[in-house]
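Have a look at the structure below before the remarks.
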Amino acid sequence: MPPRVRFAPSPTGYLHVGGARTALFNWLYARRHGGTFILRIEDTDVARSSDDMVSGILSSLTWLGLTWDEGPGVGGPHGPYFQTERLDKYRAAADRLVASGHAYFCYCRPADLKAKRDAAEAAGSAWSYDRTCKALSVEDIAAREAAGTPRAVRFLVPAGTTSFTDLVRGHIEFAREHIDDFVIIRSDGFPTYHLSVVVDDVEMEITQVVRGDDHISNTPKQVLLYEALGAPVPEFAHVPLILGPDKKRLSKRHGATAVGDYETQGYLPEAMINFLALLGWSPGGNQELYSRDELIERFTLDGISGGNAVFNTEKLDWFNQQHIIRLSNDDVLHRLQTELRLAGQWRDTLLNTEFEWVSRVLDLLKPRARKLADLIAPLRAFLLDDVVYDEAAVAKHLSGPDVRERLLAWAAVVAELPSLEPAATEAALRSVAEARGIKAGILIHGTRVAVTGQAVSPGLFEVLELVGKERVVARLTSAANGVPAR
Ligand code: GLU
C-alpha cells in the first residue's frame, strides 16, 4: 500500500521554516514511495485563524514546489479539507465514543474547574479532572440536559500504560495515570485538537504521521483515541526542533522565520528545499547539494536524526549560491526577465540571437551572485551602452594627472587588437603599462572602472572580451575625457 501522509497547518500564522520542513519531509516521503500527500487546514481555532493566513500558507507551499494531491483547491475523495467544514464528523465520532463508554458528558462550569485547579496548585499538587461528571447518575444527567446546561465531552482515560513506536525516537511509553480525562468536544460544540486530528487522520487513511517534536506529548492521547475508535494506529515520526545558532528554539530574534520572507529576499526555492531537507535529515555521506529529484530518490524516514537541527543563514546563502550556479542560463533569463525589464535591460534577442553571448556573460557573473537579483547590476555593463559609474571607484582609480594620457594610449592599442581574446589583451595591457612605467594593476583597475563603472568585477579580460572591442574603446576614451557626472 503506498503511503498516505499529510501536512496539517493551523492557519494562525505564516508558514514558518519549521512547518515548511515538516511539509517537505511528508512530501518527500510521499513522492519517494508513489504515495499521496494531503494538505489539511486545521482552522478550528476560529478566532486566531484567517483566510489571509491560509492563502499565505498555500502560496509558500506552492513557491517551494510542495504540491499536494488532496486538499484545498484540488479536492479529493476525503474532503472537505478544512476542519471547520468537518465539524459534524467530530461530533458524530464523539457521540460514538460516548455510546461505547469511552467518553462522557461533563457539565462542570469553567469557573468551578478553575477554582479546583487553583486550590490544588496552591496546595502544591498537580491537578487532574476529578471525574465529577463521570459519577453522575442517569437522573442527574437527565436533569442537566433538561435544563440545557452546557456540556463538554471528555475522554475516559483507562488505567494502564500507552506506548507507541516513534520512527525517530524509538519506543515511547506513557503511564496513563498522568493523563487527564481530556476534553474532546468543548461546550461550544467545537472539537479539541486531539479529536479532530485523529478523526481526520482515520478518515483520510493516513499511514504515517510526520510532524514536529512538540507533538510527542500529545501522541499517547491520540493513540488512546485511535484505539477507542477501533481504528488502526498510524506510524509516527516526530521531527526534532529547529534551533537558532545560539541553540535556542528558532524564533524571530534569529531573523526571518517565515518562508515568504525568504522568497521576498530572493532565495531560490531549490536552495530552500535543499537547505531545509538537511535540517535534521541526512542521507549519509558527505554530499550536500541535492536537486529536488535527488532528494526524492534518497529520502527515508529513518534518516531523520534525533538531534535538534541548527538553522544557519550563512549555510542557506551558500546553498543559494550553489543552486544559482547550477541553474541553466535559459532558466536564469526567464526568472530575471521581469526585473531586467524594470531595469530597462531586457530585449527578446537575449533568448535567441544573443543567447550564446549572454550565456557566457552569465557564466562569468553567476558564481559571484548570492541572490539571483544580484545579477541585475553587473549585467548592466554588458547589456546597455552607457555606464553608471560608482563615484568612489572613479575617485580611487580614474583620477590623477596621468590618467587621461594613459587611457587614451591604451584605447589606441585596444583598437588595433584583432580580437579581445583574454590572454592577448592581457599581454597588450602589460606592455602598455611597462612602456609607461606603471604597474599593470593600476591600468587594470582603471580599465575596470572605465568599462564597468565598478571597482569589482569578474576577471577583467573575460569581461572585456564579452563587452566587445568597440564598446571597450569607446568607454576608455570617454573615461579619459572625464567621467560624466550623474
Ligand atoms: N495543526 C497542528 C499544528 O499546526 C498539526 C498537528 C499534527 O500534525 O498532528 O501544529
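When a ligand or atom number is given, it counts from 1 through the structure's own listing order. Numbering of residues begins at 1 and proceeds along the displayed sequence.
- At the top of the distance list for atom 10 (O) of ligand 1, counting protein heavy atoms only, stands His215 NE2, 2.9 Å.
- Considering backbone and side-chain atoms together, Val197 places no N or O closer than 3.5 Å to any N or O of ligand 1.
- Shortest contact from atom 4 (O) of ligand 1 to any protein heavy atom: Ser10 OG, 3.3 Å.
- Residues Tyr81 and Glu70 have side chains that bring a donor and an acceptor to within less than 3.5 angstrom of each other.
- Under a 4.0 angstrom heavy-atom cut-off, Tyr193 registers as being in contact with ligand 1.
- Residue Arg6 has at least one heavy-atom neighbour below 4.0 Å for each of these atoms of ligand 1: 7 (C), 8 (O), 9 (O).
- With hydrogens and angles ignored, the 3.5 Å screen pairs no side-chain donor or acceptor of Arg370 with any backbone N or O of Asn320.
- Atoms CG and CG, from Leu316 and Leu279 in turn, are 9.0 Å apart once rounded to the nearest 0.5 Å.
- When hydrogens are left out, the protein atom nearest atom 1 (N) of ligand 1 is Glu42 OE1, 2.6 Å; that is the closest non-hydrogen contact.
- In this structure, the ring of Phe37 has its center no less than 6.0 angstrom from the ring center of Tyr29.
- The protein heavy atom nearest to atom 5 (C) of ligand 1 is Ala8 O, 3.2 Å.
- Taking the six-membered ring for Trp and the full ring otherwise, the centers of Tyr90 and Phe190 sit at least 6.0 Å from each other.
- The distance between the ring centers of His194 and Phe182 falls below 6.0 angstrom.
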